[in-house]
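Just follow the structure's listing: the first ligand is 1, and inside any ligand the first atom is 1. We use all heavy atoms of the structure for the numbers below, so side chains are in, but hydrogens, waters and symmetry mates are not.
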Amino acid sequence: MSMLSLRSHVPDDVIAAADSLPGQADVVVIGGGIIGAAAAFHLAGAGLSTVLLEADKVSSQQSGRNWGFVRTQYRDPLELPLAVEALALWPELERELDAPIGWRRTGCVFVAATQKEMAAFAGWHESTRNIACDARLLSARETVDLLPSLRGKTEGALYTASDGQAEPALATLAFAQAAARLGVRIIEDCGALAIEIAGGVVNGVETEHGRIRCNTVVCAAGAQSHRLLMPLGLTLPQQSVRSTVSLTAPLPPLSEACFCGFGIGLRQRADGSCIIAADSTSDIDLSLDSLRAARFFLPGLLRHGSGFSLRLGRAFIDDLHERLAVPDRERTVARRPRIPTNSKLAARTGATVRNLFAGATGIEIVKSWAGRIDVLPDALPVLDAPSGIGGLIVATGFSGHGFGLAPAVGRHVARLAKGEAPAAILEPLRLDRFARGTYSAPHAPL
Ligand SMILES: Cc1cc2nc3c(=O)[nH]c(=O)nc-3n(C[C@H](O)[C@H](O)[C@H](O)COP(=O)(O)OP(=O)(O)OC[C@H]3O[C@@H](n4cnc5c(N)ncnc54)[C@H](O)[C@@H]3O)c2cc1C
(Lines give C-alpha, C1' and ligand atoms only; values in the text may rest on other atoms or scores of the structure.)
Protein backbone atom coordinates (compact mmCIF):
# COMPACT_ATOMS: atom_id res chain seq x y z
CA MET A 1 0.00 0.00 0.00
CA SER A 2 1.41 3.40 -0.88
CA MET A 3 2.18 5.54 2.11
CA LEU A 4 0.25 8.76 2.22
CA SER A 5 2.19 11.60 3.69
CA LEU A 6 0.75 14.84 4.90
CA ARG A 7 3.43 16.54 2.82
CA SER A 8 1.63 15.78 -0.41
CA HIS A 9 -1.61 17.27 0.86
CA VAL A 10 -0.80 20.53 2.61
CA PRO A 11 1.62 23.37 2.01
CA ASP A 12 5.07 22.64 3.42
CA ASP A 13 4.88 25.39 6.00
CA VAL A 14 2.34 23.56 8.16
CA ILE A 15 4.82 20.73 8.71
CA ALA A 16 7.46 21.90 11.12
CA ALA A 17 10.96 20.81 10.20
CA ALA A 18 12.72 18.87 12.90
CA ASP A 19 15.23 21.67 13.44
CA SER A 20 12.42 24.02 14.42
CA LEU A 21 11.14 21.80 17.19
CA PRO A 22 9.10 24.04 19.50
CA GLY A 23 10.60 24.29 22.97
CA GLN A 24 7.25 24.39 24.70
CA ALA A 25 3.58 23.54 24.23
CA ASP A 26 0.50 23.04 26.39
CA VAL A 27 0.13 19.50 25.06
CA VAL A 28 2.32 17.06 23.17
CA VAL A 29 0.47 14.29 21.36
CA ILE A 30 2.63 11.25 20.60
CA GLY A 31 1.47 9.37 17.49
CA GLY A 32 0.11 10.57 14.16
CA GLY A 33 -2.56 7.93 13.60
CA ILE A 34 -6.24 8.82 13.55
CA ILE A 35 -6.41 8.84 17.36
CA GLY A 36 -3.53 11.31 17.77
CA ALA A 37 -4.75 13.43 14.85
CA ALA A 38 -8.34 13.60 16.17
CA ALA A 39 -7.03 14.40 19.64
CA ALA A 40 -4.80 17.18 18.29
CA PHE A 41 -7.72 18.67 16.33
CA HIS A 42 -9.91 18.85 19.43
CA LEU A 43 -7.09 20.01 21.71
CA ALA A 44 -6.38 22.92 19.39
CA GLY A 45 -10.12 23.59 19.17
CA ALA A 46 -10.14 23.85 22.97
CA GLY A 47 -7.50 26.58 22.76
CA LEU A 48 -4.49 24.50 23.86
CA SER A 49 -1.20 24.94 22.01
CA THR A 50 -0.46 21.46 20.68
CA VAL A 51 2.43 19.61 19.06
CA LEU A 52 1.81 16.29 17.29
CA LEU A 53 4.87 14.03 17.05
CA GLU A 54 4.96 11.21 14.52
CA ALA A 55 7.92 8.83 14.36
CA ASP A 56 7.20 8.06 10.70
CA LYS A 57 4.52 9.68 8.51
CA VAL A 58 1.02 10.64 9.56
CA SER A 59 -1.35 7.72 8.81
CA SER A 60 1.50 5.34 7.98
CA GLN A 61 0.44 2.61 10.43
CA GLN A 62 -2.95 1.10 11.32
CA SER A 63 -4.90 4.25 10.54
CA GLY A 64 -3.92 4.17 6.88
CA ARG A 65 -4.14 0.39 6.49
CA ASN A 66 -7.47 -0.59 7.97
CA TRP A 67 -10.71 -1.85 6.44
CA GLY A 68 -12.64 1.39 6.93
CA PHE A 69 -15.66 -0.09 8.74
CA VAL A 70 -17.41 2.40 11.01
CA ARG A 71 -19.55 0.11 13.09
CA THR A 72 -21.43 -0.15 16.31
CA GLN A 73 -22.58 -3.64 15.43
CA TYR A 74 -21.33 -6.51 17.61
CA ARG A 75 -19.14 -4.22 19.68
CA ASP A 76 -18.42 -5.25 23.24
CA PRO A 77 -21.30 -3.85 25.32
CA LEU A 78 -18.64 -2.02 27.40
CA GLU A 79 -17.36 -0.22 24.28
CA LEU A 80 -20.70 0.22 22.55
CA PRO A 81 -21.67 3.57 24.17
CA LEU A 82 -18.43 5.12 22.82
CA ALA A 83 -19.08 3.55 19.39
CA VAL A 84 -22.63 4.97 19.35
CA GLU A 85 -21.29 8.40 20.29
CA ALA A 86 -18.67 8.21 17.52
CA LEU A 87 -21.14 7.03 14.88
CA ALA A 88 -23.29 10.10 15.52
CA LEU A 89 -20.27 12.30 14.70
CA TRP A 90 -19.20 10.74 11.38
CA PRO A 91 -21.88 12.30 9.12
CA GLU A 92 -20.76 15.80 10.14
CA LEU A 93 -17.02 15.19 9.80
CA GLU A 94 -16.59 16.17 6.15
CA ARG A 95 -18.08 19.56 6.93
CA GLU A 96 -16.25 19.94 10.24
CA LEU A 97 -12.85 18.99 8.77
CA ASP A 98 -13.56 20.59 5.41
CA ALA A 99 -12.17 17.65 3.44
CA PRO A 100 -13.50 14.55 1.66
CA ILE A 101 -13.26 11.42 3.81
CA GLY A 102 -15.47 9.02 1.87
CA TRP A 103 -18.12 8.72 4.60
CA ARG A 104 -21.19 6.73 3.47
CA ARG A 105 -23.98 5.34 5.65
CA THR A 106 -24.10 1.93 4.02
CA GLY A 107 -24.92 -0.26 7.02
CA CYS A 108 -23.05 -3.27 8.31
CA VAL A 109 -24.06 -6.91 8.05
CA PHE A 110 -22.61 -9.99 9.76
CA VAL A 111 -23.93 -13.12 8.07
CA ALA A 112 -24.27 -16.34 10.08
CA ALA A 113 -23.15 -19.48 8.28
CA THR A 114 -24.07 -21.66 11.27
CA GLN A 115 -26.72 -21.75 13.97
CA LYS A 116 -23.96 -21.24 16.55
CA GLU A 117 -23.00 -17.92 14.92
CA MET A 118 -26.65 -16.88 14.74
CA ALA A 119 -27.08 -17.70 18.44
CA ALA A 120 -24.05 -15.53 19.27
CA PHE A 121 -25.54 -12.61 17.29
CA ALA A 122 -28.89 -13.08 19.04
CA GLY A 123 -27.16 -13.15 22.43
CA TRP A 124 -25.34 -9.90 21.67
CA HIS A 125 -28.53 -8.31 20.36
CA GLU A 126 -30.39 -9.23 23.53
CA SER A 127 -27.59 -7.98 25.81
CA THR A 128 -27.46 -4.56 24.13
CA ARG A 129 -31.18 -3.85 24.05
CA ASN A 130 -30.82 -0.87 26.38
CA ILE A 131 -28.15 0.84 24.31
CA ALA A 132 -29.47 3.07 21.58
CA CYS A 133 -28.33 1.39 18.40
CA ASP A 134 -30.52 0.04 15.62
CA ALA A 135 -29.01 -3.42 15.13
CA ARG A 136 -31.56 -6.08 14.19
CA LEU A 137 -31.58 -9.79 13.45
CA LEU A 138 -32.45 -10.86 9.91
CA SER A 139 -33.97 -14.19 8.94
CA ALA A 140 -32.28 -16.25 6.21
CA ARG A 141 -34.89 -14.92 3.74
CA GLU A 142 -34.28 -11.29 4.74
CA THR A 143 -30.53 -11.84 4.44
CA VAL A 144 -30.89 -13.02 0.85
CA ASP A 145 -33.11 -10.01 0.08
CA LEU A 146 -30.43 -7.68 1.46
CA LEU A 147 -27.59 -9.50 -0.33
CA PRO A 148 -28.95 -10.78 -3.67
CA SER A 149 -25.44 -11.57 -4.93
CA LEU A 150 -24.65 -13.88 -1.98
CA ARG A 151 -24.38 -17.57 -2.89
CA GLY A 152 -23.51 -19.07 0.49
CA LYS A 153 -26.31 -20.69 2.52
CA THR A 154 -27.07 -18.62 5.59
CA GLU A 155 -28.89 -19.01 8.89
CA GLY A 156 -29.63 -15.29 9.01
CA ALA A 157 -27.67 -12.18 9.92
CA LEU A 158 -27.10 -9.27 12.26
CA TYR A 159 -27.67 -5.98 10.45
CA THR A 160 -27.22 -2.36 11.49
CA ALA A 161 -28.48 0.10 8.90
CA SER A 162 -26.99 3.16 10.62
CA ASP A 163 -23.38 1.90 10.51
CA GLY A 164 -21.19 3.06 7.66
CA GLN A 165 -17.78 3.33 6.10
CA ALA A 166 -15.09 5.86 5.29
CA GLU A 167 -11.67 5.96 3.65
CA PRO A 168 -9.03 5.39 6.36
CA ALA A 169 -6.10 7.45 5.05
CA LEU A 170 -8.36 10.30 3.88
CA ALA A 171 -10.08 10.57 7.25
CA THR A 172 -6.80 10.47 9.18
CA LEU A 173 -5.18 13.09 6.97
CA ALA A 174 -8.31 15.24 7.14
CA PHE A 175 -8.07 15.33 10.95
CA ALA A 176 -4.35 16.15 10.73
CA GLN A 177 -4.84 18.87 8.13
CA ALA A 178 -7.69 20.44 10.08
CA ALA A 179 -5.56 20.31 13.24
CA ALA A 180 -2.70 22.01 11.36
CA ARG A 181 -5.08 24.76 10.22
CA LEU A 182 -5.97 25.35 13.89
CA GLY A 183 -2.27 25.83 14.65
CA VAL A 184 -1.12 22.34 15.67
CA ARG A 185 2.57 21.82 14.87
CA ILE A 186 2.78 18.41 13.19
CA ILE A 187 6.27 17.00 13.18
CA GLU A 188 6.87 13.86 11.15
CA ASP A 189 10.00 11.68 11.33
CA CYS A 190 10.38 12.70 14.95
CA GLY A 191 9.80 9.98 17.52
CA ALA A 192 9.20 10.54 21.21
CA LEU A 193 11.91 8.81 23.22
CA ALA A 194 10.50 9.35 26.70
CA ILE A 195 7.72 11.04 28.63
CA GLU A 196 9.40 13.05 31.38
CA ILE A 197 7.90 13.22 34.84
CA ALA A 198 8.94 15.33 37.84
CA GLY A 199 7.21 15.25 41.20
CA GLY A 200 4.47 12.97 39.87
CA VAL A 201 3.49 15.27 36.99
CA VAL A 202 4.38 15.44 33.31
CA ASN A 203 6.93 18.12 32.51
CA GLY A 204 8.12 17.31 29.02
CA VAL A 205 8.81 14.91 26.19
CA GLU A 206 12.26 13.94 25.03
CA THR A 207 12.25 13.47 21.27
CA GLU A 208 14.79 12.32 18.70
CA HIS A 209 15.39 15.99 17.88
CA GLY A 210 15.32 17.63 21.29
CA ARG A 211 13.09 18.28 24.27
CA ILE A 212 9.64 19.88 24.42
CA ARG A 213 8.40 21.23 27.76
CA CYS A 214 4.73 20.59 28.42
CA ASN A 215 2.34 19.81 31.24
CA THR A 216 0.18 17.37 29.31
CA VAL A 217 1.09 14.41 27.11
CA VAL A 218 -1.30 12.27 25.10
CA CYS A 219 0.14 8.82 24.48
CA ALA A 220 -1.46 7.70 21.20
CA ALA A 221 1.49 5.74 19.83
CA GLY A 222 -0.53 2.70 18.74
CA ALA A 223 1.40 -0.55 19.04
CA GLN A 224 4.41 1.24 20.55
CA SER A 225 2.52 2.80 23.45
CA HIS A 226 3.56 0.16 25.98
CA ARG A 227 7.20 1.07 25.38
CA LEU A 228 6.55 4.69 26.38
CA LEU A 229 4.44 3.77 29.41
CA MET A 230 6.55 0.95 30.83
CA PRO A 231 9.37 3.24 32.07
CA LEU A 232 6.70 5.18 34.01
CA GLY A 233 5.81 2.01 35.90
CA LEU A 234 2.50 1.59 34.06
CA THR A 235 1.21 -1.80 32.93
CA LEU A 236 -0.10 -1.94 29.36
CA PRO A 237 -0.01 -5.53 28.08
CA GLN A 238 -0.04 -5.01 24.34
CA GLN A 239 0.15 -7.52 21.51
CA SER A 240 0.50 -6.88 17.77
CA VAL A 241 -1.58 -8.95 15.42
CA ARG A 242 -0.63 -8.87 11.73
CA SER A 243 -3.54 -8.75 9.38
CA THR A 244 -3.39 -8.88 5.56
CA VAL A 245 -5.78 -6.79 3.45
CA SER A 246 -6.34 -6.63 -0.32
CA LEU A 247 -7.90 -4.16 -2.75
CA THR A 248 -9.76 -5.50 -5.77
CA ALA A 249 -10.50 -3.87 -9.11
CA PRO A 250 -14.11 -2.56 -9.34
CA LEU A 251 -16.74 -5.31 -9.21
CA PRO A 252 -20.51 -5.34 -9.77
CA PRO A 253 -22.54 -4.68 -6.59
CA LEU A 254 -21.77 -7.39 -3.99
CA SER A 255 -22.80 -5.82 -0.70
CA GLU A 256 -23.66 -2.23 -0.02
CA ALA A 257 -23.26 -2.89 3.71
CA CYS A 258 -19.84 -3.57 5.21
CA PHE A 259 -19.89 -7.36 5.21
CA CYS A 260 -18.48 -10.06 7.48
CA GLY A 261 -19.21 -13.76 7.20
CA PHE A 262 -17.88 -17.10 5.93
CA GLY A 263 -14.45 -16.08 7.23
CA ILE A 264 -14.06 -12.86 5.26
CA GLY A 265 -14.63 -9.14 5.69
CA LEU A 266 -15.54 -7.03 2.66
CA ARG A 267 -16.18 -3.33 2.12
CA GLN A 268 -17.32 -2.27 -1.32
CA ARG A 269 -16.19 1.28 -1.98
CA ALA A 270 -18.02 3.96 -3.95
CA ASP A 271 -16.22 2.99 -7.21
CA GLY A 272 -17.11 -0.70 -6.83
CA SER A 273 -13.63 -1.80 -5.76
CA CYS A 274 -13.54 -3.89 -2.62
CA ILE A 275 -11.37 -4.02 0.45
CA ILE A 276 -11.25 -7.71 1.41
CA ALA A 277 -9.56 -9.62 4.22
CA ALA A 278 -9.83 -12.77 6.29
CA ASP A 279 -12.02 -11.73 9.22
CA SER A 280 -11.08 -14.46 11.62
CA THR A 281 -7.50 -15.36 10.71
CA SER A 282 -4.52 -13.23 11.71
CA ASP A 283 -0.83 -13.82 12.35
CA ILE A 284 0.85 -13.19 15.67
CA ASP A 285 4.58 -12.66 15.10
CA LEU A 286 6.12 -13.73 18.39
CA SER A 287 8.54 -11.19 19.83
CA LEU A 288 10.12 -10.60 23.21
CA ASP A 289 7.40 -8.04 23.95
CA SER A 290 4.63 -10.48 23.03
CA LEU A 291 6.12 -13.20 25.23
CA ARG A 292 6.26 -10.75 28.13
CA ALA A 293 2.58 -9.93 27.67
CA ALA A 294 1.54 -13.56 27.06
CA ARG A 295 0.07 -14.30 30.50
CA PHE A 296 -2.43 -11.44 30.08
CA PHE A 297 -3.62 -12.80 26.74
CA LEU A 298 -3.96 -16.47 27.61
CA PRO A 299 -7.65 -16.37 28.70
CA GLY A 300 -8.64 -14.65 25.43
CA LEU A 301 -6.48 -16.92 23.28
CA LEU A 302 -7.96 -19.98 24.92
CA ARG A 303 -11.48 -18.69 24.34
CA HIS A 304 -11.11 -17.35 20.78
CA GLY A 305 -7.63 -18.52 19.76
CA SER A 306 -8.57 -20.60 16.74
CA GLY A 307 -8.20 -17.64 14.37
CA PHE A 308 -4.57 -16.90 15.21
CA SER A 309 -1.40 -18.36 13.71
CA LEU A 310 1.55 -17.98 16.06
CA ARG A 311 4.72 -17.36 14.07
CA LEU A 312 8.27 -17.54 15.34
CA GLY A 313 10.47 -15.96 12.72
CA ARG A 314 11.75 -12.67 11.40
CA ALA A 315 9.96 -10.49 13.98
CA PHE A 316 11.55 -12.42 16.84
CA ILE A 317 15.03 -12.08 15.29
CA ASP A 318 14.47 -8.35 14.62
CA ASP A 319 13.34 -7.94 18.21
CA LEU A 320 16.37 -9.77 19.59
CA HIS A 321 18.69 -7.75 17.37
CA GLU A 322 17.02 -4.53 18.47
CA ARG A 323 17.31 -5.54 22.13
CA LEU A 324 21.06 -6.07 21.69
CA ALA A 325 21.88 -3.24 19.29
CA VAL A 326 19.47 -0.39 20.08
CA PRO A 327 19.84 1.49 23.36
CA ASP A 328 16.78 1.16 25.62
CA ARG A 329 15.86 4.82 25.32
CA GLU A 330 15.62 4.55 21.51
CA ARG A 331 13.45 1.43 21.44
CA THR A 332 10.28 3.54 21.70
CA VAL A 333 10.82 4.61 18.09
CA ALA A 334 12.35 1.45 16.68
CA ARG A 335 11.55 1.49 12.97
CA ARG A 336 10.64 -1.82 11.49
CA PRO A 337 11.01 -2.90 7.87
CA ARG A 338 7.98 -3.29 5.65
CA ILE A 339 5.18 -5.31 7.26
CA PRO A 340 5.06 -8.65 5.40
CA THR A 341 1.78 -9.70 3.82
CA ASN A 342 0.45 -13.23 4.12
CA SER A 343 0.13 -13.88 0.39
CA LYS A 344 -1.39 -17.37 0.79
CA LEU A 345 -4.11 -15.92 2.99
CA ALA A 346 -4.70 -13.06 0.53
CA ALA A 347 -5.13 -15.56 -2.34
CA ARG A 348 -7.46 -17.72 -0.22
CA THR A 349 -9.54 -14.68 0.71
CA GLY A 350 -9.85 -13.70 -2.97
CA ALA A 351 -11.00 -17.25 -3.81
CA THR A 352 -13.56 -17.19 -0.99
CA VAL A 353 -15.01 -13.92 -2.29
CA ARG A 354 -15.16 -15.34 -5.82
CA ASN A 355 -17.13 -18.36 -4.61
CA LEU A 356 -19.32 -16.44 -2.19
CA PHE A 357 -20.77 -13.74 -4.46
CA ALA A 358 -22.32 -14.24 -7.88
CA GLY A 359 -20.90 -10.91 -9.02
CA ALA A 360 -17.31 -11.71 -8.06
CA THR A 361 -16.35 -14.26 -10.70
CA GLY A 362 -14.02 -11.76 -12.37
CA ILE A 363 -12.31 -10.70 -9.14
CA GLU A 364 -8.86 -9.20 -9.64
CA ILE A 365 -6.63 -8.29 -6.72
CA VAL A 366 -4.89 -4.99 -7.40
CA LYS A 367 -2.66 -4.95 -4.33
CA SER A 368 -2.29 -6.36 -0.84
CA TRP A 369 -0.76 -4.92 2.31
CA ALA A 370 -0.57 -5.77 5.98
CA GLY A 371 -1.14 -3.82 9.16
CA ARG A 372 -0.27 -4.49 12.78
CA ILE A 373 -3.35 -4.23 14.97
CA ASP A 374 -2.52 -3.25 18.55
CA VAL A 375 -4.56 -5.47 20.80
CA LEU A 376 -5.17 -5.44 24.55
CA PRO A 377 -6.15 -8.63 26.43
CA ASP A 378 -9.87 -7.73 26.68
CA ALA A 379 -9.96 -6.16 23.18
CA LEU A 380 -11.06 -2.85 24.72
CA PRO A 381 -8.99 0.32 24.39
CA VAL A 382 -7.49 2.45 27.12
CA LEU A 383 -8.88 5.98 27.21
CA ASP A 384 -7.86 7.40 30.54
CA ALA A 385 -5.97 10.04 32.52
CA PRO A 386 -4.35 7.61 34.98
CA SER A 387 -4.20 8.81 38.55
CA GLY A 388 -0.68 9.04 39.92
CA ILE A 389 0.83 10.86 36.94
CA GLY A 390 -0.67 14.32 36.54
CA GLY A 391 -1.03 15.46 32.94
CA LEU A 392 -0.75 12.02 31.31
CA ILE A 393 -3.56 10.92 29.00
CA VAL A 394 -3.49 7.48 27.40
CA ALA A 395 -5.53 6.77 24.25
CA THR A 396 -4.36 3.51 22.81
CA GLY A 397 -4.90 -0.24 22.39
CA PHE A 398 -7.91 0.15 20.11
CA SER A 399 -7.84 -3.56 19.29
CA GLY A 400 -9.12 -3.30 15.74
CA HIS A 401 -11.84 -0.72 16.48
CA GLY A 402 -10.08 2.65 16.65
CA PHE A 403 -10.91 3.97 13.19
CA GLY A 404 -14.65 4.13 13.86
CA LEU A 405 -14.18 5.36 17.44
CA ALA A 406 -11.71 8.17 16.69
CA PRO A 407 -14.10 11.14 16.32
CA ALA A 408 -15.45 10.55 19.84
CA VAL A 409 -12.03 9.70 21.29
CA GLY A 410 -10.58 13.05 20.15
CA ARG A 411 -13.32 14.91 22.02
CA HIS A 412 -12.84 12.90 25.23
CA VAL A 413 -9.08 13.49 25.12
CA ALA A 414 -9.61 17.27 24.87
CA ARG A 415 -12.02 17.21 27.83
CA LEU A 416 -9.55 15.24 29.93
CA ALA A 417 -6.77 17.67 28.96
CA LYS A 418 -8.92 20.56 30.17
CA GLY A 419 -9.20 18.82 33.54
CA GLU A 420 -12.82 17.69 33.18
CA ALA A 421 -13.89 14.53 35.01
CA PRO A 422 -13.91 11.47 32.73
CA ALA A 423 -17.31 10.59 31.28
CA ALA A 424 -19.00 7.59 32.90
CA ILE A 425 -18.71 5.57 29.66
CA LEU A 426 -14.91 5.66 30.01
CA GLU A 427 -14.90 3.75 33.31
CA PRO A 428 -14.39 0.30 31.64
CA LEU A 429 -11.52 1.77 29.61
CA ARG A 430 -9.28 2.67 32.56
CA LEU A 431 -5.62 1.71 32.35
CA ASP A 432 -5.40 0.30 35.88
CA ARG A 433 -7.65 -2.67 35.02
CA PHE A 434 -4.52 -4.54 33.93
CA ALA A 435 -2.44 -3.83 37.03
CA ARG A 436 -5.48 -4.70 39.18
CA GLY A 437 -6.40 -7.78 37.14
CA THR A 438 -10.01 -6.61 36.73
CA TYR A 439 -10.25 -7.08 32.96
CA SER A 440 -12.17 -9.92 31.28
CA ALA A 441 -11.61 -12.06 28.20
CA PRO A 442 -12.79 -10.40 24.95
CA HIS A 443 -16.49 -10.80 24.16
CA ALA A 444 -15.74 -11.90 20.57
CA PRO A 445 -12.76 -12.70 18.35
CA LEU A 446 -11.22 -9.65 16.70
C1 LIG B 1 -5.85 -4.49 8.92
C2 LIG B 1 -6.62 -3.64 9.88
C3 LIG B 1 -8.00 -3.53 9.75
C4 LIG B 1 -8.72 -2.72 10.64
N5 LIG B 1 -10.05 -2.50 10.41
C6 LIG B 1 -10.72 -1.59 11.16
C7 LIG B 1 -12.05 -1.23 10.85
O8 LIG B 1 -12.61 -1.68 9.87
N9 LIG B 1 -12.68 -0.36 11.66
C10 LIG B 1 -12.07 0.18 12.76
O11 LIG B 1 -12.71 0.93 13.49
N12 LIG B 1 -10.78 -0.10 13.06
C13 LIG B 1 -10.09 -0.95 12.28
N14 LIG B 1 -8.80 -1.25 12.54
C15 LIG B 1 -8.18 -0.67 13.71
C16 LIG B 1 -7.79 0.78 13.49
O17 LIG B 1 -7.08 0.94 12.29
C18 LIG B 1 -6.94 1.22 14.68
O19 LIG B 1 -7.60 0.91 15.90
C20 LIG B 1 -6.68 2.72 14.65
O21 LIG B 1 -6.16 3.12 13.40
C22 LIG B 1 -5.72 3.06 15.77
O23 LIG B 1 -5.26 4.36 15.58
P24 LIG B 1 -4.01 4.86 16.40
O25 LIG B 1 -3.86 6.28 16.05
O26 LIG B 1 -4.18 4.46 17.84
O27 LIG B 1 -2.80 3.95 15.89
P28 LIG B 1 -1.85 4.06 14.58
O29 LIG B 1 -2.61 4.40 13.36
O30 LIG B 1 -1.05 2.81 14.56
O31 LIG B 1 -0.96 5.30 14.93
C32 LIG B 1 0.04 5.31 15.94
C33 LIG B 1 1.17 6.15 15.40
O34 LIG B 1 2.12 6.35 16.43
C35 LIG B 1 3.38 6.43 15.82
N36 LIG B 1 4.39 6.19 16.86
C37 LIG B 1 4.72 5.04 17.47
N38 LIG B 1 5.69 5.24 18.39
C39 LIG B 1 5.94 6.56 18.36
C40 LIG B 1 6.83 7.38 19.08
N41 LIG B 1 7.64 6.87 20.04
N42 LIG B 1 6.88 8.71 18.80
C43 LIG B 1 6.05 9.23 17.82
N44 LIG B 1 5.19 8.48 17.12
C45 LIG B 1 5.13 7.17 17.39
C46 LIG B 1 3.34 5.34 14.76
O47 LIG B 1 4.30 5.55 13.75
C48 LIG B 1 1.90 5.48 14.26
O49 LIG B 1 1.81 6.29 13.10
C50 LIG B 1 -8.05 -2.06 11.69
C51 LIG B 1 -6.65 -2.16 11.82
C52 LIG B 1 -5.93 -2.92 10.89
C53 LIG B 1 -4.42 -2.95 10.99
Heavy-atom contacts with [X] under 4.0 Å: which atoms of ligand 1 show up? List them by number with element.
X: V245; result: 1 (C)
X: I30; result: 40 (C), 42 (N), 43 (C)
X: G222; result: 27 (O), 32 (C)
X: Q224; result: 37 (C), 38 (N)
X: G33; result: 25 (O), 29 (O), 31 (O), 33 (C)
X: L53; result: 43 (C), 44 (N)

For [atom], the option (of [options]) bearing the nearest heavy atom:
atom: atom 46 (C) of ligand 1; options: Q62, E54, R227; result: E54
atom: atom 16 (C) of ligand 1; options: F69, F175, F403; result: F403
atom: atom 37 (C) of ligand 1; options: C190, P381, A221; result: A221
atom: atom 41 (N) of ligand 1; options: A39, G32, A192; result: A192

Does the N or O separation between [X] and ligand 1 drop below 3.5 Å for any pair?
X: W67; value: yes
X: G404; value: yes
X: G371; value: no

Once you restrict to heavy atoms under 4.0 Å, what part of [X] touches ligand 1? Side chain, backbone, both or neither.
X: H401; value: backbone
X: A220; value: backbone
X: I35; value: both
X: R65; value: backbone

Inset, instruction - Determine, using heavy atoms of I34 and all atoms of ligand 1, whether some pair is separated by less than 4.0 Å. - result: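 True for this residue.
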Legend entry - Parallel, tilted or perpendicular: rings of W103 and W90 (30°, 60°):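 Answer is parallel, since the angle falls under 30°.
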Inset, instruction - Fit a plane to each ring of F110 and F121, take the angle between them on a 0 to 90° scale, and name the class: parallel (under 30°), tilted (30 to 60°) or perpendicular (over 60°). - result: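 The rings of F110 and F121 sit tilted, inter-plane angle from 30° to 60°.
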Inset, instruction - Report yes if some heavy atom in the side chain of I34 is under 4.5 Å from a heavy atom in the side chain of F175; otherwise report no. - result: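 Yes; the side chains approach each other to less than 4.5 Å.
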Inset, instruction - Please determine which of R104, R269, R65 meets the salt bridge (charged side-chain N to carboxylate O under 4.0 Å, His left out) test together with E167. - result: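 So, applying the salt bridge (charged side-chain N to carboxylate O under 4.0 Å, His left out) to E167 and each of R104, R269, R65, only R269 qualifies.
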Inset, instruction - Find the distance between CG (L80) and CZ (R71) and round it off to the nearest 0.5 Å. - result: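 One gets 10.5 Å once the value is rounded to the nearest 0.5 Å.
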Legend entry - side chain to side chain donor-acceptor pair (under 3.5 Å) between Q73 and D163, intermediate numbers included: CA-CA 7 Å; Q73 175 162 297; D163 282 350; 5.7 Å; no
Inset, instruction - Look at E196 together with R211 and state whether they make a salt bridge at an N to O cut-off of under 4.0 Å. - result: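 Here E196 pairs with R211 in a salt bridge, since their nearest N and O are under 4.0 Å apart.
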